[in-house]
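What follows is a set of notes on a single structure, which appears directly below.
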Amino acid sequence: MDLGRTRRLITGSLRRALELRDRGCAFPGCDRPPRWCDGHHIQSWADGGPTSLHNSVLLCGYHHRIIHRGQWIVRLRGEDGRPEFIPPAYVDPRQRPRRNPYHHRT
């Protein structure tokens, strides 16, 4: 799932793959479903980031704005390739990575 630099928007099969992986807003503690979310480029498209599954995360509007403020860091980690978020030091002085388990409960 890699559109490279040919398209900026996350649509079609890439959007569907993102919904299957994240199942909703990936920000820790958020319960917003996929239909309330937008695809976010982890490395900004404007800064050369590709439009791909490995550079995207689903975020609701509220958390999308928080990520764009630049204090939280998002990355894909682990065997499952799911997103994790590094909080700013004022939230957690040790800056321990956090995930959102809400959409992945069984």
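The model shown is predicted, which means the values in this text are computed figures rather than measured ones. Numbers here are sequence positions counted from 1.
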| Any donor-acceptor N/O pair, Asn55 side chain to Gln43 backbone, under 3.5 Å | yes

If you look at every heavy atom in [X] and [Y], which pair is closest and at what distance?
{"X": "Arg99", "Y": "Pro83", "answer": "CG-O, 3.5 Å"}
{"X": "Ser52", "Y": "Leu14", "answer": "C-CD1, 3.9 Å"}
{"X": "Gly24", "Y": "Leu58", "answer": "O-CB, 3.5 Å"}

| field | Sequence neighbours excluded, every pair satisfying salt bridge (charged side-chain N to carboxylate O under 4.0 Å, His left out) that has a member inside residues 16-26 | value |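 Of all non-adjacent pairs touching residues 16-26, those that pass salt bridge (charged side-chain N to carboxylate O under 4.0 Å, His left out) are Arg15-Glu19, Arg16-Glu19.
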
| request: Scan for salt bridge (charged side-chain N to carboxylate O under 4.0 Å, His left out) pairs involving residues 65-76, sequence neighbours excluded, and state none if there are none. | output: Arg75-Glu84

| task | List in chain and number order the residues that pass salt bridge (Lys or Arg N to Asp or Glu O under 4.0 Å) with Arg82, two or more places apart in sequence or in another chain; answer none if no residue qualifies. | result |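 Scan of Arg82 (salt bridge (Lys or Arg N to Asp or Glu O under 4.0 Å), adjacent residues dropped) gives Asp80.
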
| field | Pro87 side chain near Arg98 side chain, heavy-atom distance below 4.5 Å | value | yes

| Under a 4.5 Å cut-off applied to non-hydrogen side-chain atoms, are Cys30 and Asn100 in contact? |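 Side chain of Cys30 against side chain of Asn100, heavy atoms only: contact under 4.5 Å found.
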
| message | Which residues end up grouped with Trp72 if you chain together Ile, Leu, Val, Met, Phe, Trp and Tyr wherever their side-chain heavy atoms are less than 4.5 Å apart? | response |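 For the cluster that includes Trp72, the remaining residues are Phe27, Ile42, Val57, Leu59, Tyr62, Ile66, Ile67, Val74, Leu76, Phe85, Tyr90, Val91.
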
| task | Could you work out the complete set of other residues in the hydrophobic cluster of Leu20, with links drawn between I, L, V, M, F, W and Y side chains under 4.5 Å apart? | result | none

| said: One pair to check against side chain to side chain donor-acceptor pair (under 3.5 Å): Thr51 and His41. What are the steps and the verdict? | reply: CA-CA 7 Å; Thr51 301; His41 288 84; 3.0 Å; yes

| task | Determine, stepwise, if the pair Leu18 / Ile10 fulfils side-chain contact (heavy atoms from CB on, under 4.5 Å). | result | CA-CA 9 Å; Leu18 195 54; Ile10 298 166; 4.0 Å; yes

| Ring centres under 6.0 angstrom apart (His40, His63) | no

| request: Go through the structure and list residues passing ring pair (Phe, Tyr, Trp, His ring centres under 6.0 Å) with His103, not counting sequence neighbours. | output: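 Expected list: none.
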
